[in-house]
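Here is the structure we will look at.
A quick note: this is a predicted structure, and the numbers were derived from the prediction, not measured. In what follows, chains carry the letters A, B, and so on, assigned in the order in which the sequence lines appear, proteins first and then strands, with residues in each chain numbered from 1.
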Number of protein chains: 2
Amino acid sequence: MYDVGMVDAEAVLDAVGEPNRRRLLQLLRDQHESTVSQLVDASGLNQPQVSKHLKVLTRVSLVSVRSDGRFRRYRLDGRGLQAAHDWFGSFEDVWQARFDALDQLVSDDPLTDPPEENQQ
Amino acid sequence: MYDVGMVDAEAVLDAVGEPNRRRLLQLLRDQHESTVSQLVDASGLNQPQVSKHLKVLTRVSLVSVRSDGRFRRYRLDGRGLQAAHDWFGSFEDVWQARFDALDQLVSDDPLTDPPEENQQ
DNA sequence: CAGTTGCATTCCTCTTGAGGAATATGTACG
DNA sequence: CGTACATATTCCTCAAGAGGAATGCAACTG
């Protein structure tokens with residue numbers, strides 16, 4: 001059995017925290033499947049950089065590869081993308097609250113513990 | 001009106017690409033509003049590190065501050081969070097296709113036989 | 001077979017940025 | 001005012017990692 005197990009959202013967000021890797025993801029979103037050479041041409045990066053970035057993206061389940069002769073065809077992997085999307089989704093009430101509760105005051109949470117602000 | 005526009009998703013993803021900053025965001029999600037000292041205690045980081053990370057998070061609209069006496073109360077800012085969420089949302093088709101495949105497995109339609117799970 | 005293409009990997013350099021200590025700023029309070 | 005507390009900022013060091021050049025390696029082609 002291979003490891004289909006849980007995708008580490010932390011690792012995914014670390015990987016996405018790099019501009020050129022985000023660019024590769026966007027290119028793959030448009031092309032749906034690309035060889036390394038195609039990504040080199042489309043991105044303007046050098047071939048080794050593209051390969052190294054793709055390696056990182058593969059490790060965190062953001063892209064997947066399949067070998068096709070001497071080519072390697074890369075495509076997006078939904079597991080990593082969804083993990084990151086879900087991570088931000090856990091904050092969803094934050095930006096929903098700012099639409100319908102513009103002027104709500106502190107009176108709405110009397111149970112929130114008073115922080116220790118008075119130590120002398 | 002609200003200044004909802006002009007949040008740079010690229011800058012947001014750069015900022016989130018750091019583990020301790022993600023931890024601060026999660027702490028703020030649970031506490032809804034925190035002083036720096038509270039975040040220092042909860043995170044285990046040193047005070048200067050917390051202040052510096054909060055500065056980065058503020059710059060990209062992931063958190064907001066309000067001054068309260070000698071305290072500074074930080075809370076999540078929905079603009080940055082939503083921008084990042086939307087960035088990943090633009091890839092939604094990728095894992096949508098993945099769900100469609102999974103739906104066949106859990107389908108109650110007696111005509112659809114669950115296929116063997118194949119990957120890669 | 002030699003040569004070529006597509007890609008991965010290694011080695012090296014150099015920048016970026018995270019972390020620590022010390023200090024600055026700013027506010028409350030006696 | 002002087003002091004204590006809360007936070008921001010500065011200076012420094014150091015390691016992680018991104019980029020470039022060169023090389024390794026496997027698969028095709030003539």
Problem - N or O in side chain of A/Y74 less than 4.0 angstrom from C/dG6 OP1/OP2 - result: no

Exercise for the section: Using only side-chain N and O atoms of A/R72, determine if any of them is under 4.0 Å from OP1 or OP2 of C/dG6. Expected result: no

Completion exercise
CG of A/L57 to CG of A/L76, rounded to nearest 0.5 Å, is 9.0 Å

Fill in the blank from the handout: Rounded to the nearest 0.5 Å, the CG atom of B/N20 sits from the CG atom of B/L25 at a distance of 11.0 Å

With a 3.5 Å distance limit and no angle check, can you tell me whether [X] reaches the backbone of [Y] through a side-chain donor-acceptor pair?
{"X": "B/N46", "Y": "B/P48", "answer": "no"}
{"X": "A/R23", "Y": "A/S43", "answer": "yes"}
{"X": "B/R22", "Y": "B/V16", "answer": "yes"}

Practice task
Mind listing the residues from residues 23-39 of chain A sitting with a heavy atom below 4.0 Å of DNA chain C? Number order is fine.
Solution key: A/T35, A/V36, A/S37

Completion exercise
Readout for nucleotides 11-22 of chain C: B = base within 4.0 Å of protein heavy atom, S = sugar-phosphate only, - = neither; 5' to 3' it is -------SBBBB

Exercise for the section: Would you please test B/L45 and B/L39 for side chain to side chain contact (heavy atoms under 4.5 Å, CB included) and show each step? Expected result: CA-CA 8 Å; B/L45 299 172; B/L39 291 171; over 6 Å; no

[atom1] of [X] versus [atom2] of [N]: gap in Å, rounded?
{"X": "A/L54", "N": "C/dA8", "atom1": "CG", "atom2": "P", "answer": "7 Å"}
{"X": "A/F71", "N": "D/dA27", "atom1": "CZ", "atom2": "C1'", "answer": "10 Å"}
{"X": "B/R73", "N": "D/dA6", "atom1": "CZ", "atom2": "P", "answer": "11 Å"}
{"X": "A/D14", "N": "D/dA18", "atom1": "CG", "atom2": "C1'", "answer": "15 Å"}

Practice task
Please answer: with hydrophobic residues joined when any side-chain heavy atoms are less than 4.5 Å apart, are A/L24 and A/V56 in the same cluster?
Solution key: no

Practice task
Say whether A/L27 and A/F71 are linked into one hydrophobic cluster, either directly or through other cluster members, by side-chain heavy-atom distances under 4.5 angstrom.
Solution key: no

Polar atom pairs (N or O), protein with nucleotides 28-30 of chain D, under 3.5 Å:
none

Handout entry: Any A/V7 side-chain heavy atom under 4.5 Å of A/V60 side chain
Key = no

Handout entry: Heavy atoms of other groups near A/R29 CZ, more than 12 under 6.0 Å
Key = yes

Handout entry: For B/E33, the option from B/R73, B/Q38, B/R66 that meets side-chain hydrogen bond (donor to acceptor under 3.5 Å, both in side chains)
Key = B/R66

